[in-house]
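Below is one structure; the comments refer to it alone.
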Amino acid sequence: MPKELKSPTSSANTAQDVQGIWGMVVDQDLCTGCQACVAACSMENNVPFVGEVDAGYGRSMQWIRIERFWQGSYPNIKATPYQPVMCQNCHNAPCEPVCPVYASVHSLSEDLNLQVYNRCVGTRYCANNCPYEARVFNWRDYMDPRQRPELVTLANHFNPDVTVRRRGVMEKCTFCIQRIRHAEDTAASENRDIRDGEVVPACAQACPASAITFGRIDDPTTKVSQAADTSRGSHLLEELGTIPHVTYLAGGA
Amino acid sequence: MIKKLFNVLNQPLGRIGIFIIALVVLSGAVWGIAQAQKPPQQPIQFPHNLHVRLGIQCLYCHPGALRGPSPGIPTETKCWGCHQQIAIQGTELPKLAAYVKNNQPIDWVPVAQVPDFVHFVHRPHIAAGLNCEDCHGNVSNMTVYQNPQVMNMGWCLNCHRAKTANNPQNNPTNDPAVAAKLEALRVKLTDCSTCHY
């Protein structure tokens, strides 16, 4: 029997004629924890490599990470399934009301969380208020070849569709909004709607087990809506009432 | 100490000194702003006016605007496509001939630019019925291109709001369905993520 999940589509503050509310389904029974999504995300979104020293200070920058916990006490230890955690793009996002400069804002047309890099002044309040720890702070100009001569070749690998963030700026998973925009532009130029499966974020594209599905969750016919609407579905920290756009599937046969 | 300094500055000569320093700072600021507004130095003083008046379409040299995000600035080979059949004379054409002879790209300096954190795509703007001159001004009067206005976010948003306002121009019959569409479009076009990501 399908469990009743609070859907982000039951929203009052989104525009009436939405262009598409985007959502993701992560199947934890398929995920092998191979970290391909982490690597793909970093390459797609110009997420810098912070290096050994800064990683030691806990300043690692990843927009998606694989979480895993141990359950029980020795010797009866069981590992929880692999759990890729990215920004959940909550409908009621805790990061938004705390930003003093409105750099963390809500997209009314697509119900996404946005981070406006040129507004951000780096108070890091949003990251403190994020229950999923999905936001990462840029402590230095890590990709500046003048500061990191060993990374000089990586400076040529920037994705031109994504802003190269400066230091002192908070950043997070955007659901690969540059790919959404590209698909929207292609669809508009061909005078049609976006097809299901046309927008594929970097993590879903790289996943060898096809554990990540992406698409419109306001349309019940899409693959992602049908995958989310099963008894295996759950949201992370559902009791907080953030109404995330990412559904996790676990506990299958 | 501070009182002593204040007494010195309060004398007539001190006041004149303060005035002169304020004048220098102000004129420096004005000079800096004026420098920032000046079009950059181009390698070739390209006469846009002559080319436009000869009837060459904007899209012939900047073809990317029709289908892509960036219109592109022509390379020396595109110029040479026509100019190899035209006498090399004047001050600027020999420069072009030198670029072609050395097989060097012309290092044009882009003028109509947005910052790195803005993602502007030309295609939807052309598809929405805008013409080049609506944003880039009357190029038939320019030699080297200059922006006709400051291209900042307020300027972008003014147009996005005006084109989606529920007024007789956009919605002549005051149709509620059209009004709802315009409203949705306005929300979309004033959304941060439309340009910033």
Side-chain angles (χ1 to χ4, degrees), chain A residues 13-22 44-46 63 89 96 99 101-120 143 158-166 169 171-191 201, chain B residues 59 63-73 110 113-130 150-157 160-161 163-166 170-171 175-197:
Chain A
N13 63 353
T14 46
Q16 290 300 307
D17 190 11
V18 287
Q19 304 280 319
I21 294 180
W22 301 98
E44 167 75 14
N45 292 302
N46 303 333
W63 285 8
N89 279 279
E96 284 163 7
C99 182
V101 293
Y102 301 101
S104 178
V105 287
H106 209 73
S107 160
L108 288 182
S109 58
E110 287 161 308
D111 202 23
L112 290 177
N113 282 120
L114 311 174
Q115 179 68 15
V116 186
Y117 305 123
N118 46 318
R119 270 185 190 169
C120 179
M143 292 302 234
F158 286 143
N159 181 356
D161 293 338
V162 180
T163 309
V164 179
R165 281 84 52 188
R166 295 185 60 194
V169 168
E171 48 191 74
K172 69 165 191 78
C173 162
T174 59
F175 270 0
C176 279
I177 198 163
Q178 68 278 6
R179 297 191 177 199
I180 298 177
R181 291 285 170 270
H182 187 262
E184 278 177 350
D185 193 51
T186 311
S189 71
E190 292 168 10
N191 202 14
Chain B
L59 283 173
L66 191 62
R67 297 184 208 287
S70 166
I73 306 178
Q113 264 192 313
V114 286
D116 184 39
F117 49 80
V118 182
H119 294 274
F120 179 83
V121 185
H122 271 84
R123 192 207 65 79
H125 295 84
I126 305 272
L130 286 178
V150 181
M151 290 182 172
N152 58 14
M153 195 172 92
W155 175 70
C156 295
L157 280 175
H160 278 189
R161 292 210 177 96
K163 295 276 178 191
T164 55
N166 187 22
N170 294 329
N171 189 5
D175 182 2
V178 176
K181 275 225 158 59
L182 285 170
E183 165 71 24
L185 198 58
R186 181 160 62 252
V187 171
K188 176 91 178 166
L189 287 182
T190 53
D191 204 289
C192 301
S193 67
T194 301
C195 308
H196 299 290
Y197 46 83

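In what follows, chains carry the letters A, B, and so on, assigned in the order in which the sequence lines appear, proteins first and then strands, with residues in each chain numbered from 1.
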task = Look up atom CZ in Arg181(A) and atom NE2 in His119(B), then write down how far apart they are to the nearest 0.5 Å.
result = 11.0 Å

key: Part of Asp161(A) within contact of chain B (heavy atom distance under 4.5 Å)   = backbone

note = Hits for side chain to side chain contact (heavy atoms under 4.5 Å, CB included) against Asn170(B), two or more places apart or cross-chain, chain-then-number order -> Ala165(B), Asn167(B), Leu182(B)

note = Bottom line for Thr174(A): the part with an atom under 4.5 Å from chain B's heavy atoms is neither

ask   = Just how far is it from atom CD1 of Ile126(B) to atom OG of Ser189(A), taken to the nearest 0.5 Å?
value = 13.5 Å

request  = Determine whether more than 12 heavy atoms belonging to other residues, nucleotides or ligands lie under 6.0 Å from atom NE2 of His160(B).
outcome  = yes

task = Please list, chain by chain and in numerical order, all residues satisfying side chain to side chain contact (heavy atoms under 4.5 Å, CB included) with Ala188(A), sequence neighbours excluded.
result = Arg123(B)

message = Tell me every residue that passes side chain to side chain contact (heavy atoms under 4.5 Å, CB included) with Ala128(B), counting only those two or more places apart in sequence or in another chain.
response = none

query = Where on Arg119(A) is there a heavy atom nearer than 4.5 Å to chain B: the side chain, the backbone, both, or neither?
reply = side chain

query = So which residues of residues 190-197 of chain B are in contact with chain A at a heavy-atom cut-off of under 4.5 Å?
reply = Asp191(B), Cys192(B), Ser193(B), Thr194(B), His196(B), Tyr197(B)

message = Please give me the minimum heavy-atom distance between Val187(B) and Ser109(A), naming the atom from each residue.
response = CG1-N, 3.8 Å

note = Of the listed Val164(A), Asn45(A), Ile180(A), Leu112(A), the one with the largest count of heavy-atom pairs under 4.5 Å with chain B is Val164(A)

